[in-house]
Amino acid sequence: MMNTAKSRPINLYDLSRPALGELLAGWGYSDYYAGVVWSGLYRELAKTIAAIPSLRPDLAERLAAETGIGILPARSVIDSADGHTQKFLLGLADDQAIETVLMYFRGRATACVSTQVGCAMGCIFCATGQMGFRRHLTPGEIVAQVVHVARVLRERGETLRNIVLMGMGEPLHNYDAVIAAMETVMDHRGLAIAPRFITLSTVGVVPGIRRLTEERRPFRLAVSLHGATDEERTRLVPTARRWSLAELIGACRDYTQTLGRRIFFEWALIDGENDGPDQAHALGRLLQGLDAHVNLIPLNPTIGFGGKPTEPVAVKAFQAVLAGYGLPSTVRQRRGIDVAAGCGQLATLNAA
Ligand code: SAH
Ligand code: SF4
């Protein structure tokens with residue numbers, strides 16, 4: 001095994017704005033210079049240190065010697081036939097790879113970002129779950145995906161405003177890196193992504209939801225349910241054995257009450273599995289009195305799971321039951337299915 005950790009320079013994308021200030025202060029530069037570098041990274045989207053505008057030559061030299069900009073090279077780019085989705089396979093320094101997707105969602109450009117290589121949660125219908133857990137992403141690797149999409153959009157004269165943490169991995173299993181990366185992309189001197197346009201989607205890691213509540217994190221929260229009884233849910237989401245639905249919904253209730261914010265619940269609709277009226281009624285009862293919105297996603301096909309998506313009539317019937325409980329719901333448009341960039345189809349089978 002190569003030991004690259006020691007020799008690898010600092011990745012500037014890993015640094016928060018204060019940390020960048022401290023690094024440069026240690027070299028004798030005032031905070032003004034950290035501002036120049038920050039704006040070069042996140043306003044100009046510079047790919048190299050030499051491309052950062054108005055940088056003092058002595059500082060440029062030191063940065064080039066001791067740091068780097070951790071851009072992730074695109075190993076492949078695939079466009080969906082409908083032109084609404086573009087999938088990037090981005091290479092990491094250790095030869096792993098992750099997928100990042102640019103989608104147009106109601107006309108708005110959205111980056112669907114990965115937080116881990118693989119996933120440890122093992123949801124049986126999800127391509128990422130099927131590949132298992134390889135490793136966490138660093139803050140810089142998460143930031144680099146956002147910058148990548150922002151750069152692609154800029155070349156078309158467009159701006160990135162939306163982020164969904166719905167790519168590969170479970171964001172609350174990599175909590176610190178995810179929060180650090182979101183702090184960077186929200187910084188108003190840089191990419192300035194508004195927190196209400198960032199959605200964190202979790203399989204329901206209860207301590208993570210509680211921490212988001214305590215720390216009053218400003219993003220939107222989506223919780224993937226898929227089953228409204230412990231028995232049904234653990235069949236599809238093995239990790240749900242660690243936290244009962246009662247514990248999960250309790251944490252969600254505290255979140256909505258403390259932060260005064262709605263929660264989105266995601267439900268992959270699988271034909272004959274979790275799409276019957278019994279599950280719809282159970283879901284209606286479970287979420288009663290909660291400020292909730294349900295996103296229904298007819299199952300996207302994956303190699304490792306034989307289930308089929310729910311037929312449109314049955315989707316309508318499911319929605320009608322929820323409406324009877326006063327629960328609003330939306331059916332997620334199927335996007336990018338032909339390039340396997342739909343929900344849960346992200347996997348990098350060709351990665352080491
Ligand atoms: N790990 C997080 C975020 C990534 S998955 C989570 O599970 O929430 C993003 C969304 O895609 C989740 O709601 C997940 O349940 C859903 N999903 C996964 N596989 C799917 C599939 N094959 N079809 C439809 N939705 C799927
Ligand atoms: Fe992981 Fe989310 Fe896939 Fe489940 S659905 S395996 S939590 S990425």
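Every heavy atom of this structure was used, including side-chain atoms; hydrogens, water molecules and symmetry mates were not. Ligands are counted one by one from 1 in listed order, and the atoms in each one are counted from 1 as well.
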Any side-chain heavy atom of Gln257 within less than 4.5 Å of one from Tyr255? no

Looking at Arg62, I want to see if its CZ is surrounded by more than 12 non-hydrogen atoms of other residues, nucleotides or ligands under 6.0 Å. yes

Contacting atoms of ligand 1, where contact means under 4.0 angstrom from a heavy atom of Asn300: 21 (C), 22 (N), 23 (N), 24 (C)

With heavy atoms and a 4.0 Å threshold, my read on which part of Met121 contacts ligand 1 is neither

Would you kindly specify which portion of Glu266 sits under 4.0 Å from ligand 1, judged on non-hydrogen atoms: side chain, backbone, both or neither? side chain

Could you tell me whether atom 3 (Fe) of ligand 2 has an N, O or S atom of Cys126 under 2.8 Å away? yes

Less than 6.0 angstrom separating the ring centers of His84 and Tyr104, yes or no? no

Looking only at non-hydrogen atoms, which of Ser114, Gly167, Gly307, Pro309 approaches atom 4 (C) of ligand 1 most closely? Gly167

For ligand 1, find out whether one of its N or O atoms is nearer than 3.5 Å to an N or O atom of Ile297. no

Quick one: sort the Tyr13 and Tyr42 rings into parallel, tilted or perpendicular, breaks at 30° and 60°. tilted

Candidates Pro171, Gly129, Ala127, Gly169; heavy atom nearest atom 8 (S) of ligand 2 found on Gly169

Leu287 side chain reached by Tyr325 side chain, heavy atoms, under 4.5 Å: no

So for ligand 1, is Cys126 a polar contact partner (N or O within less than 3.5 Å, distance only)? no

CD (Glu66) with more than 12 external heavy atoms under 6.0 Å: yes

Report, in ascending order of atom number, the atoms of ligand 1 lying under 4.0 Å from any heavy atom of Glu170. 1 (N), 2 (C)

Any nitrogen or oxygen of Thr302 lying under 3.5 Å from a nitrogen or oxygen in ligand 1? Just yes or no. no

Part of Val223 within contact of ligand 1 (heavy atoms, under 4.0 Å): neither

Numbering as shown, the atoms of ligand 1 that approach Thr202 to under 4.0 Å (heavy-atom distance): 6 (C), 8 (O)

Under 4.0 Å to a heavy atom of Met166 - the qualifying atoms of ligand 1, by number: 4 (C), 9 (C)

In the structure I gave you, are the side-chain heavy atoms of Leu299 and Phe305 within less than 4.5 Å of one another anywhere? yes

Test of ring centre spacing under 6.0 Å for Phe318 and Trp267: yes

For atom CZ of Arg242, decide whether the heavy atoms of other residues, nucleotides or ligands shown that lie under 6.0 angstrom number more than 12. no

Of all the atoms in ligand 1, which lie at a distance below 4.0 Å from a heavy atom belonging to Gly169? 1 (N), 2 (C), 3 (C), 4 (C)

I'd like to check which ligand 2 atoms, numbered from 1 as shown, lie under 4.0 Å from a non-hydrogen atom of Cys119. 1 (Fe), 6 (S), 7 (S), 8 (S)

If we check side-chain contact (heavy atoms from CB on, under 4.5 Å) with Arg217, which of these qualifies: Leu259, Leu212, Val178? Leu212

I'd like to know whether the aromatic ring centres of Phe265 and His293 sit less than 6.0 Å apart in this structure. no

Just jot down the ligand 1 atoms closer than 4.0 angstrom to any heavy atom of Ser201, in number order. 2 (C), 3 (C), 6 (C), 8 (O)

So for His226, does at least one of its heavy atoms come nearer than 4.0 angstrom to any atom of ligand 1? yes

Within the 4.0 Å heavy-atom shell around Leu299, which atoms of ligand 1 are there? 21 (C), 22 (N), 23 (N)

